[in-house]
4 protein chains.
Amino acid sequence: MMMAPNAQRRSEKSHQAILAAAMDLSAERGYGNVTVEAIAARAGVSKKTIYRWWPTKGAVILEALGELAQTATVFPDTGDLVADLRTQTAAVLDFLASPRTGSAYLGLIAETQHDEALARDLVEQLIKPRVAVAMDRLRSAQRQGQLSPEADLELIVELLYGPIYYRRLLHLGPHTDDRLHALIDHVLSQWR
Amino acid sequence: MMMAPNAQRRSEKSHQAILAAAMDLSAERGYGNVTVEAIAARAGVSKKTIYRWWPTKGAVILEALGELAQTATVFPDTGDLVADLRTQTAAVLDFLASPRTGSAYLGLIAETQHDEALARDLVEQLIKPRVAVAMDRLRSAQRQGQLSPEADLELIVELLYGPIYYRRLLHLGPHTDDRLHALIDHVLSQWR
Amino acid sequence: MMMAPNAQRRSEKSHQAILAAAMDLSAERGYGNVTVEAIAARAGVSKKTIYRWWPTKGAVILEALGELAQTATVFPDTGDLVADLRTQTAAVLDFLASPRTGSAYLGLIAETQHDEALARDLVEQLIKPRVAVAMDRLRSAQRQGQLSPEADLELIVELLYGPIYYRRLLHLGPHTDDRLHALIDHVLSQWR
Amino acid sequence: MMMAPNAQRRSEKSHQAILAAAMDLSAERGYGNVTVEAIAARAGVSKKTIYRWWPTKGAVILEALGELAQTATVFPDTGDLVADLRTQTAAVLDFLASPRTGSAYLGLIAETQHDEALARDLVEQLIKPRVAVAMDRLRSAQRQGQLSPEADLELIVELLYGPIYYRRLLHLGPHTDDRLHALIDHVLSQWR
DNA sequence: TCTTAATCGAGACGGTACGTCAGGTCTTCAA
DNA sequence: TTGAAGACCTGACGTACCGTCTCGATTAAGA
């Protein structure tokens with residue numbers, strides 16, 4: 001069996017240092033004020049090493065966020081749909097509100113507005129997997145009879161997450177727990 | 001009574017040329033690739049003249065968008081709430097999808113994620129007035145009995161516009177008319 | 001009469017600061033270790049300002065050297081050709097040996113070996129004028145009968161300066177006064 | 001008695017490929033635009049292999065030139081000093097004018113202006129041996145009575161080669177045969 | 001003939017400097 | 001007093017090479 005003839009492999013130490021530096025800087029000064037130059041300096045790495053593995057600073061942040069998002073926004077399945085939705089939307093809210101992840105994530109979304117390649121990667125790597133998980137949970141609820149078989153699952157997802165992003169992006173302040181519960185109740189009302 | 005005889009006041013010609021150039025460039029290359037330098041060149045104006053009247057390129061775009069948004073997203077009041085919501089949300093969708101306004105608007109929102117002053121201006125000048133108009137229309141529908149007095153108007157606004165922004169920002173494609181109608185129906189269902 | 005409509009003019013202060021910084025750095029670390037970046041930093045000037053007015057660091061050094069060379073290697077005319085040649089060749093020797101000018105000049109000549117444009121400028125601005133002055137002095141000596149009318153003036157110039165450059169470039173050590181005088185005597189011997 | 005285990009394992013194939021690549025690239029793009037990176041790529045060799053055997057690219061070129069110079073500028077001894085000088089100086093002229101060797105040699109001399117170690121090697125390996133050969137030939141001419149015993153041989157060497165280098169370095173064009181003959185005649189005139 | 005250690009290709013790495021671009025400030029001159 | 005022109009300092013961009021450094025893979029002794 002053929003192996004790549006190989007040579008020196010990617011330095012895992014540098015790799016992690018870069019992701020950490022990117023998130024740190026993003027938390028400190030906000031995504032828009034992060035530069036590749038600063039990430040390199042903070043990570044003790046040369047700019048070339050960053051450009052060797054990522055095309056733009058956005059791609060670095062995307063990878064760093066990917067790791068964090070996975071653990072930060074797991075979708076529980078306790079059997080109680082409403083409770084699980086409350087847990088999960090609250091986690092999303094925290095993720096968006098946290099100075100560490102929120103600024104980076106929003107900045108990243110901003111960047112995708114004028115970087116098609118980054119947009120594609122964001123959707124494929126971050127958005128779609130998470131939407132799929134949510135759809136799975138809703139489908140499971142349908143099977144358990146907590147949700148009508150006619151429920152428009154896609155619409156439910158939009159109705160749940162749309163308002164959360166909306167308030168955050170337009171600087172309207174995050175939902176309180178009460179508002180979040182009201183939101184969930186209303187969205188599910190028709191199909192419970 | 002004497003007026004100061006001298007004093008060329010602000011040149012309205014330059015003012016308009018700058019706003020037009022800003023929107024043109026934004027349409028052509030996307031908000032993120034627009035520079036004050038390019039706006040100045042396109043408008044036949046010196047950079048100084050731009051910086052004299054606006055603090056950042058975002059502020060220029062904000063003013064330019066303000067004019068367009070006002071005319072592009074009027075909220076009709078025909079007496080039929082559902083029809084009016086369909087008209088208006090479709091207009092918002094168009095505004096967000098149009099290459100001329102959508103890219104500029106999204107880019108602007110992006111910029112506000114790391115520019116507090118701009119965020120404030122965006123909210124005060126663009127968002128709040130439009131939200132207020134929507135609330136007014138809903139209140140009027142309440143008075144006419146098309147909407148229950150217990151309806152949570154703020155929640156309705158979030159549920160209507162949140163998903164529209166959400167799909168646009170996360171590159172999930174715009175709503176079709178059908179989906180839009182389904183969205184409106186679902187949002188109003190409880191309180192009709 | 002039309003003047004250029006103009007705008008802010010070139011800053012003479014920056015201009016001189018750049019030339020001085022270039023010569024200082026060249027003296028300190030040798031031509032080859034001078035960078036545009038360092039010149040800019042030393043002169044308290046942006047790189048852009050250097051690139052606005054000169055194409056390469058070589059061009060900066062050339063201009064700086066031009067000023068110095070003019071005053072450092074004047075060709076006297078006391079009426080005594082041999083005495084004048086001794087004075088002038090000694091001055092050239094000093095110019096080539098001085099840490100301030102020699103390193104820069106030699107480095108510049110080096111650079112012209114792979115920069116045609118710079119080579120042209122060097123020849124036109126530095127070499128030819130100085131050769132012309134030497135030829136003038138020799139012609140004047142011919143008129144005064146100190147040199148035969150058949151003397152090959154061009155050859156004399158080559159024979160005088162060639163060896164001086166040769167020893168310097170090939171690191172063979174500078175001429176002593178005695179060797180310099182022997183050189184001059186031999187070169188003139190045939191046509192005195 | 002122990003011998004150093006050493007084991008001469010240097011790859012002669014790589015060695016020659018590097019020297020050839022260095023000269024080729026120097027001919028193609030000029031010494032100053034040659035990089036170790038490019039030599040390695042052209043020679044199909046890793047950079048490490050070059051740095052293992054030479055300290056700088058100048059050292060590579062020096063070795064490559066050394067081989068060529070030896071064969072290209074032999075000093076004949078036909079018994080006729082003037083004829084031999086004409087032959088040899090013409091060969092030197094060709095060596096300096098050839099795109100293959102001239103650019104590399106001049107670039108190398110240039111480099112020695114800010115690399116002392118390289119300067120030492122250049123003088124020891126290239127210059128001095130060749131000067132010694134010339135001195136030998138002149139001494140032989142003295143013994144045969146073609147040159148006065150008082151002749152200043154060192155001065156003669158400087159006077160012959162100085163002008164050739166001088167014209168080449170300062171981009172004044174090479175000597176024609178006539179000028180070269182005139183140069184030789186004049187240099188020898190006093191001591192024939 | 002089989003180790004075994006130097007050398008090889010490949011190329012990642014931390015760096016320095018490159019030459020360019022845009023930002024935002026400042027100066028000059030014309031209207 | 002504005003405005004157009006554009007020079008200026010700043011700082012980041014993305015690239016090219018530098019010289020150092022691991023990696024297996026190759027190879028030519030000497031045991």
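Letters A, B, ... mirror the listed sequences (proteins, then strands); counts begin at 1.
Both tests do not hold together for C:Arg9 against C:Trp53: distance to the six-membered ring centre under 6.0 Å, angle to the ring axis within 45°. Stacking of A:Lys57 on the aromatic ring of A:Tyr31 is recorded, both the 6.0 Å distance cut-off and the 45° axial limit being met.
A straight line from CZ of C:Arg52 to C1' of E:dA22 spans 13 Å, rounded to a whole angstrom. The interatomic distance linking A:Glu12 (CD) with E:dA12 (P) rounds to 15 Å, in whole Å. Rounded to a whole Å, the NZ atom of C:Lys13 is 11 Å from the P atom of E:dT27. Whole-Å rounding puts the B:Leu25 CG to E:dA22 P distance at 12 Å. Atom P of nucleotide E:dC13 and atom CD of A:Gln16 are separated by 13 Å, given to the nearest angstrom. For the pair D:Arg10 CZ and E:dC8 P, the computed distance is 8 Å after rounding to whole Å. Protein atom CD1 of D:Ile39 is 12 Å distant from nucleotide atom C1' of F:dC17, rounded to whole Å. Here E:dG9 presents its C1' atom at 12 Å from CD1 of D:Ile18, a figure rounded to the nearest Å.
For the residue pair D:His114 and C:Ser103, no side-chain donor N or O sits within less than 3.5 Å of a side-chain acceptor on the partner.
Counting only heavy atoms from C-beta outward, the side chains of B:Leu108 and B:Leu118 approach each other to under 4.5 Å.
A:Ser14 has no side-chain polar atom (N or O) that falls below the 4.0 Å cut-off from OP1 or OP2 of E:dA12. Considering only side-chain N and O atoms, A:Thr49 lies nowhere under 4.0 angstrom from the phosphate OP1 or OP2 of E:dA12. The phosphate of F:dG3 (OP1 or OP2) has a side-chain N or O of B:Trp53 nearer than 4.0 angstrom.
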With side-chain contact (heavy atoms from CB on, under 4.5 Å) as the test, would you mind laying out the steps for D:Glu111 and C:Gln113 before giving the verdict?
CA-CA 11 Å; D:Glu111 196 110 304; C:Gln113 302 307 320; over 6 Å; no
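When the side chain to side chain donor-acceptor pair (under 3.5 Å) test is applied to C:Glu116, no partner is found at least two apart in sequence or on another chain.
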Check nucleotides 15-19 of chain E for protein N or O atoms closer than 3.5 Å to its own N or O atoms and list the pairs.
from, atom 1, to, atom 2, distance (Å)
E:dG15, N7, A:Ser46, OG, 3.4
E:dC18, OP1, C:Val36, N, 2.8
E:dC18, OP2, C:Val36, N, 3.4
E:dC18, OP2, C:Glu37, N, 2.8
E:dC18, OP2, C:Glu37, OE1, 3.4
E:dG19, OP2, C:Tyr51, OH, 2.2
E:dG19, O5', C:Tyr51, OH, 3.4
E:dG19, N7, C:Lys47, NZ, 2.9
E:dG19, O6, C:Lys47, NZ, 2.8

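Residues B:Arg42 and B:Glu37 are not paired through a salt bridge, judged by the lack of any N-O separation under 4.0 Å between the basic side chain and the carboxylate.
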